[in-house]
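Lettering follows sequence order; numbering is per chain, from 1. Predicted, not measured: the structure shown is a model, and the values here were computed from it.
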Amino acid sequence: MKIVLCVKQVPDTSDIKWTENNTIQREGLESIINPYDVYAFESALRLKNKYKNVNISALTMGPKQAEGMLRKLIAIGVDDAVLLSDKKFAGADTFATAKTIAAAIKSKLSDFDLIVCGQFAIDGDTAQTGPSIANFLDIPQVTYVKEVVGYEDGYLTVIRELDSGFEKVRVKLPALICVLQGEFEPVRARINGIIHSQQVEIPVYGIDDIGLSVEDAGLKGSPTYVNKAYRAPQKETECVFVESCEELAECIKKCGGICE
Amino acid sequence: MSKGILVYSEITSDDYLHTVVFELANKAVELSKKMEDAPVMALVLTKPDLINEYKEAFQKSGFDKVFYVVDERFGTYRTDLFAKAAVQAVKQIDPEIMLVGATCQGRDLAPRISTALGTGLTADCTGLDILENGKFAATRPTFGGQLMATILCKKYPQMASVRPKVFKPSEVDVTRDTVFIKMSVDLDDYVPQIEVLEFTKKLVCDLNDLDSAKIIVAGGKGMKNAEGFALLKKLADKLGGCVGASRVAVEMGLAPQAVQIGQTGKTVSPKLYIACGISGALQHTIGMNSAEKIIAINTDKNAPIFDICDYGIVGDAFEIIPKLLEL
Ligand SMILES: Cc1cc2nc3c(=O)[nH]c(=O)nc-3n(C[C@H](O)[C@H](O)[C@H](O)COP(=O)(O)OP(=O)(O)OC[C@H]3O[C@@H](n4cnc5c(N)ncnc54)[C@H](O)[C@@H]3O)c2cc1C
Ligand SMILES: Nc1ncnc2c1ncn2[C@@H]1O[C@H](COP(=O)(O)O)[C@@H](O)[C@H]1O
């Protein structure tokens, strides 16, 4: 089975600093692998450990420095990786991102059986790149995957976690899944893996390599655009501190809770 | 005349119209006033025998037109089937704006529709407006809630998704002469690629319906253990509320994922939110800061949760809650 793992490098949103003009200070902002993509990786790795002949190719669209993230993934179990990097990809919204990734998969990894994405990316948090890639490739998708149960006769069985319950679903491959946070112990790199990760060649593809036209990529290929961005308003409340439980109960009552 | 605003009307797994539909309807009615009274429209995919049951609810929530597609197979949501039907229907309706609830179903379906139609989709919006030039402006938080971005779309329909509880349903009766229009779509060549083998309802949802709770007593890492959460449950019971949790508490196994509140959990807006042993990380507060009143119990007087709350007490929740229970 051939798995394509879509991973994204994101700024560490817990560490954002603001400039005086209320814009995000981008210099010095740490880049991390999107936390959900770690779970996506884990799901792919579990399939690889469970079945024979599973190959995992990691794919990311991003700046050249994303290569470091791909090598780290190779050190912990990914077999090979592809980096999509081109100035013409810059400024892509999810539509153009998905179109670019789909074009790359079509031209370079077309023999895939399964595409694994994270459910959300923490910077954009749109949760729509995965389903959009699936739509461009005309394959089914399963989102909110909590657990991959198994793979048999060209079908993958997974468990989804939804608002109202758990759904066990069988999907025909090729397909795409978006993986939620699961309960995993993080994988550690082994010496062999680290050595391997330094030796593997990671091809970098630009717009011409994947046969995408300029109109379809980056800012130009994006139907949406940011009109305005500003710092999120902080709630303007002054906290009234109380000392005793009686006072607290009084506050609860005032706020609509009956504490009798 | 404008082509109107279309609201995707999700049917829940137990055959109800999802509450987010009424919230979106109310917003759509408000937006339509800035669009020369563009029609407010609904699209619903349902089993044939159920459409009549929804009619009154649609009328009451202010829809001018309801487009419905019926099929026996619409009883269970499946991406491939629903996407195939919805894409055809939306093409025929050709709305100017389309709104979808950012539920599990909406978040699964909306990007398939937008991509198939070659248009953009702005996810999880917290504000929607019509600009003076008539463009639809969708505002959403990004970067873990720290940056707000207002996004416009060059293509049509201009699509946006909104999480449940972000907007309020109308409080007044907005009954209209709703026109119901049956639509047909071609599903003849539909070959199922996805099969639902089994569905287990989350029990916790029956017992602990956070979405509709007026009062939420939420616990974080500071509630330490099962006894801590048992205290929260007692307080919630006493107040007639539900228990929620921070992600760390969920990761510690103190509460199920279904009650996690925040960026990667639920967005709630109860009348009162009592945060116990929760530090108030942005990823958490983004899911609850629209609560009408917030009260925090925390041992650390510098905890960021105090920056957003109305009342606070600095102290040990394990001492304070038992006293509250005795009062
Ligand atoms: C991508 C991403 C998504 C995330 N999504 C979410 C999300 O959806 N929801 C979410 O909640 N978090 C989320 N987080 C995690 C978030 O950043 C915080 O780590 C988390 O909210 C902290 O949980 P906490 O407040 O329970 O724990 P802590 O931050 O450890 O706070 C514990 C608090 O308890 C207090 N305390 C300790 N003992 C007591 C006592 N006896 N009595 C009273 N107070 C006490 C402490 O003073 C402290 O303030 C996300 C993080 C990332 C990176
Ligand atoms: N630039 C990218 N390169 C590779 N994968 C991506 C990229 N952007 C998004 N993805 C994938 O899509 C998922 C959801 O991202 P998002 O739609 O931005 O919330 C991520 O978890 C990744 O698996």
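Note that CG of B:D310 is 10.5 Å distant from NZ of A:K254, once rounded to the nearest 0.5 Å. Interatomic distance, A:C255 SG to B:K293 NZ, rounded to the nearest 0.5 Å: 6.0 Å. Distance check, rounded to the nearest 0.5 Å: CZ of A:R170 to CD of B:Q193 gives 12.5 Å. Atom CG of residue A:L162 and atom CD of residue B:Q105 lie 9.5 Å apart, to the nearest 0.5 angstrom. To the nearest 0.5 Å, the span separating SG on B:C104 from CD on A:Q119 amounts to 8.0 Å.
Looking only at heavy-atom pairs under 4.5 Å with chain B, the residue among A:E247, A:K172, A:K168 that has the most is A:K168. When the candidates B:L272, B:L109, B:T12, B:T122 are compared by the number of heavy-atom contacts under 4.5 Å with chain A, B:L272 comes out ahead. Note on B:D124, B:T103, B:L121, B:D14: by heavy-atom pairs under 4.5 Å with chain A, the leading option is B:L121. Of the residues considered (B:A281, B:C153, B:G240), B:C153 shows the highest number of contacts with chain A, using heavy-atom pairs under 4.5 Å. Most heavy-atom pairs under 4.5 Å with chain B: of the set A:V142, A:L180, A:T126, this distinction falls to A:T126. Contact count versus chain A (heavy atoms, under 4.5 Å) is highest, among B:A102, B:A116, B:S114, B:S13, for B:A116. Of the listed residues B:G120, B:A83, B:S161, B:P111, the one with more heavy-atom pairs under 4.5 angstrom with chain A than any other is B:P111. Note: A:S132 leads A:A127, A:S132, A:A98, A:A175 in heavy-atom pairs under 4.5 Å with chain B. Ranked by heavy-atom pairs under 4.5 Å with chain A, the first of B:I297, B:T285, B:T79, B:T115 is B:T115.
Aromatic rings of A:F241 and B:Y311 (six-membered ring for Trp) have centroids beyond the 6.0 Å cut-off, not under it.
Only the side chain of B:R140 comes within less than 4.5 Å of a heavy atom of chain A; its backbone N, CA, C and O stay farther away. Looking at A:E246, both its backbone and its side chain come within 4.5 Å of chain B, counting heavy atoms on both sides. In this structure, no portion of B:Q158 lies under 4.5 Å from any heavy atom of chain A. With a threshold of 4.5 angstrom between heavy atoms, B:I274 approaches chain A through side-chain atoms but not through N, CA, C or O. Using a 4.5 Å cut-off between heavy atoms, B:K214 does not touch chain A at all. No part of A:L173 comes within reach of chain B, as not one of its non-hydrogen atoms sits under 4.5 angstrom from that chain. Residue contact with chain A, scored on non-hydrogen atoms closer than 4.5 Å, involves the side chain of B:I295 exclusively. For chain B, the nearby parts of A:A134 are the backbone and the side chain; heavy atoms of each come within less than 4.5 Å. Contacts of A:F120 with chain B are made by side-chain atoms alone, with heavy-atom separations under 4.5 Å and no backbone atom involved.
A donor-acceptor pair is defined here as one N or O able to donate and one able to accept, closer than 3.5 Å; such a pair exists between the side chain of B:K154 and the backbone of A:S222.
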Intermediate values then yes/no, side chain to side chain contact (heavy atoms under 4.5 Å, CB included), B:L152 and A:T224: CA-CA 6 Å; B:L152 309 188; A:T224 64; over 6 Å; no

Chi angles and distances behind the side chain to side chain contact (heavy atoms under 4.5 Å, CB included) call for A:V226, B:T150: CA-CA 6 Å; A:V226 177; B:T150 300; over 6 Å; no

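Interface residues of residues 144-158 of chain A toward chain B, defined by a heavy-atom distance below 4.5 Å and sorted by number: A:Y144, A:K146, A:T157.
The two atoms that bring A:I122 and B:Q263 nearest to each other are O-NE2, 3.7 Å, heavy atoms only. Of all heavy-atom pairs spanning B:I313 and A:E243, the tightest one is CD1-O, 3.6 Å. The minimum heavy-atom distance between A:E161 and B:A258, with the atom names listed, is OE2-N, 4.3 Å.
Residue-environment remark: NZ (B:K84) exceeds the threshold of 12 foreign heavy atoms within 6.0 Å.
For the pair B:I151/A:N227, no side-chain contact is recorded, criterion being any heavy-atom separation below 4.5 Å from C-beta on.
When only modelled atom types and interatomic distance are considered, B:D80 and A:Q141 share no side-chain donor-acceptor pair under 3.5 Å. For the residue pair A:T143/B:D108, the side-chain donor-acceptor check at 3.5 Å is satisfied.
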